[in-house]
Amino acid sequence: MPELPEVETVRDGLDRWVTGRVVAAVEVRHPRSIRRHVAGADDLVARLVGRRVTAVSRRGKYLWLPLGSPGDDGPPDECLVGHLGMSGQLLVQPVGTPDEKHLHVRVRFADDGPELRFVDQRTFGGVLVDRLVPTPDRAAESVPAGIVHIARDPLDPAFDDDAFSARLRRRDSELKRALLDQSLISGIGNIYADESLWRARLHGRRRTATLTRAAVITVLASVREVLREAIRAGGTSFDALYVNVNGASGYFDRSLAVYGQEGRPCPRCGTPVRREQFMNRSSFSCPVCQPRPRATRTPAAQDTPRRSG
DNA sequence: TATTTAACCTGGACGC
DNA sequence: TGCGTCCAGGTTAAAT
């Protein structure tokens, strides 16, 4: 599933393949993929054609391509925003390559070179054109207007560890829930939350208000370690749903300690990894390295029975 | 106001 | 073989 490492891998690929190119034509094949562009497909196309992609930026799981205008050297005021959802792909394909089954948006460039395709099986992702606005904390930076509520991600040099620690500890919530809250810290999804918590030896149901500042810093260090390793591996691919812009899979799935490893030995202590239900998701952890906090040991928190078969 | 839950969506896996 | 059900999970509107 596309979390920060997968999105960063895509961003890096797009930067190499589309930055500096001018949009010649756009084809919207599935309206759901542009549902967040409320003005509709015609407006989206009109805002893209003739614009030059000046860069490829990212915050958390969001990507955007700032759009320059011919004859205007000023900073871009609009951008093409993309979110991959659960199964979205941004592919760079030679013109004439057979269409993918779930190809929803195609962008052709004036140089007749490889085209950009948005492919999405489950259509949770999408693209839109949005205004670029100054970030609340740094006026010199800009982000798409629709994602100003998204927090900086932990690999952002401007991420403030102390401010995050203070906000986290003020919350009356659970640690994993907080790590998945993109308005608090962005880029982390179910996979890397579980892997980070395992490295930090903390259970996801640990109450945030009970964490010391040192514990929060340990969690942040684990998160960064996992994310950086995953980026080096090109992301995590369980199936064909996540690939880079050239269609290649990442291989961080070989390094996963607990996620998807139910019943297999914990790499640290050998205890079988457990699976629990949490926030309508599966959570994986080590029963010994990550004991459940006693106060939240409720029937609902018990291990999920294995599916028969 | 802060926090939690449910719905959205598709296709593969599995049981019958 | 075919049908029904479960499951994956990021985001956000709705509920608590």
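Each chain gets a letter, A, B and so on, in the order its sequence line appears, and its residues count up from 1. All figures in this text were calculated on a predicted structure; none of them were measured in a lab.
Rounded to whole Å, the distance from CZ on A/R170 to P on B/dT3 is 10 Å. Atom-to-atom, CD of A/E100 to P of B/dG11 comes out at 15 Å; the value is rounded to the nearest Å. Rounded to a whole Å, the CZ atom of A/R167 is 13 Å from the C1' atom of B/dT3. For the pair A/L175 CG and B/dT4 C1', the interatomic distance rounds to 17 Å; values are reported in whole Å.
Between the axis at the start and the axis at the end of the helix from B/dA2-C/dT16 to B/dC16-C/dG2 there is an angle of 50°, using five pairs per end and rounding to 10 degrees.
A search for salt bridge (Lys or Arg N to Asp or Glu O under 4.0 Å) contacts involving A/D111 returns A/R21, not counting sequence neighbours.
With rounding to the nearest 0.5 Å, the separation of CZ in A/R106 from CZ in A/R29 is 5.5 Å. One finds the NZ atom of A/K101 at 13.5 Å from the CG atom of A/L103 (value rounded to the nearest 0.5 Å).
Residue contacts for A/S87: at a heavy-atom cut-off of 4.0 Å it reaches no nucleic acid atom on any strand shown. Across all strands, A/Y62 comes closer than 4.0 Å only to sugar-phosphate atoms, never to a base (heavy-atom distances).
No single ILVMFWY cluster, assembled from side-chain heavy atoms under 4.5 Å apart, contains both A/V7 and A/W64.
Distances shown here put every side-chain N or O of A/H83 at or beyond 4.0 Å from the OP1 or OP2 atom of C/dG10. Look at A/R275 and you'll find a side-chain N or O under 4.0 angstrom from OP1 or OP2 of C/dA8. Between A/H102 and B/dG11 there is a side-chain polar atom (N or O) within less than 4.0 angstrom of OP1 or OP2.
Taking Ile, Leu, Val, Met, Phe, Trp and Tyr as hydrophobic and joining them when side-chain heavy atoms fall under 4.5 Å apart, one finds A/V22 isolated, its cluster having no other members. Alongside A/F278, the hydrophobic cluster contains A/L180, A/M279 (criterion: ILVMFWY side chains under 4.5 Å).
Nearest to the side-chain atoms of A/T123 among the listed nucleotides B/dC9, C/dT12, B/dT3 stands B/dC9. Taking every side-chain heavy atom of A/K61 into account, C/dG10 is the closest of B/dT4, C/dG10, B/dC9. Taking only side-chain atoms of A/K101, from C-beta outward, the nucleotide of B/dT4, C/dG10, B/dG11 with the closest atom is B/dG11. Candidate nucleotides B/dT3, C/dA8, C/dT12 were compared by shortest atom distance to the side chain of A/R171, and B/dT3 ranks first.
Looking at A/D181 and A/R177, no side-chain N of the basic residue comes within less than 4.0 Å of a carboxylate O on the acidic one, giving no salt bridge.
For residues 144-186 of chain A, the pairs satisfying ring-ring contact (aromatic ring centres under 6.0 Å, His included) are A/F159-A/F164, with sequence neighbours left out.
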Between protein and nucleic acid, restricted to nucleotides 5-8 of chain B and to nitrogen or oxygen atoms under 3.5 Å apart, what atom pairs and distances do you find?
residue, atom, partner, partner atom, Å
B/dT5, OP2, A/R177, NH2, 3.2

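A distance-only check finds no donor-acceptor pair linking the side chain of A/R268 to the backbone of A/C289 [under 3.5 Å].
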